Amino acid sequence: VQQQVNESTSLIQIHDLQKIRKRDCGKLKEGEEHKKKTYRCVVYISEELTEERTKILDGLKGKEFDLDQETPIRVLHRRTLSTRKKR
């Protein structure tokens, strides 16, 4: 599966995919609220990208933001549709 995904797209890459026992899923879920995720984004602007705007965007690198994350489609069967705050 890992190889299929990695060869089919450049948008995501899977590393070290492993099978786990069902009882181990609980251990993964325990830390779910405390783990730190990193997000990246691509910014499109309709106006000219000036040097001043580039400096502003560069100044945002590494900063923390609050995100409003909607419930992903893949988990709708077990979670209600809502918007959650993420940091």
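Predicted model only: the values in this text are computed from it and were never measured. We're numbering straight along the sequence, starting at 1. The analysis underlying the following values was restricted to heavy atoms, covering all of them including side chains, and did not include hydrogens, waters or symmetry mates.
Enclosure of atom CD in Gln13 by more than 12 non-hydrogen atoms of other residues, nucleotides or ligands within 6.0 angstrom is indicated. No more than 12 heavy-atom neighbours from other residues, nucleotides or ligands sit within 6.0 angstrom of CD1 on Ile73.
Scored by the side chain to side chain donor-acceptor pair (under 3.5 Å) test, Ser82 finds Arg84 as partners (sequence neighbours excluded). Residues that satisfy the side chain to side chain donor-acceptor pair (under 3.5 Å) test with Lys19, not counting sequence neighbours, are absent from this structure. For Arg21, the side-chain contact (heavy atoms from CB on, under 4.5 Å) criterion is met by Arg23, Asp24, not counting sequence neighbours.
Residues in residues 57-66 take part in these salt bridge (Lys or Arg N to Asp or Glu O under 4.0 Å) pairs, two or more places apart or across chains: Lys36-Glu64, Asp58-Lys61, Glu64-Arg87, Asp66-Arg87. Judged as a salt bridge (Lys or Arg N to Asp or Glu O under 4.0 Å), the pairs with a partner in residues 68-78 (not counting sequence neighbours) are, in order, Asp68-Lys85. Evaluation of the salt bridge (Lys or Arg N to Asp or Glu O under 4.0 Å) test over residues 42-51, restricted to residues two or more places apart or in two chains, returns Glu47-Arg53, Glu51-Lys55.
Separation of atoms CG (Leu49) and CD (Glu52) is listed at 11.0 Å; rounding is to 0.5 Å. Atom CD1 of residue Ile14 and atom CG of residue Asn6 lie 6.0 Å apart, to the nearest 0.5 angstrom.
Side-chain contact of Gln18 with Asp16: a donor-acceptor pair under 3.5 Å is present, judged by distance alone.
Contact annotation: the side chain of Val1 approaches that of Leu17 to within less than 4.5 Å [non-hydrogen atoms, C-beta and beyond].
In terms of hydrophobic clustering, with Ile, Leu, Val, Met, Phe, Trp and Tyr side chains grouped at heavy-atom distances under 4.5 Å, Val75 and Ile12 are assigned to different clusters.
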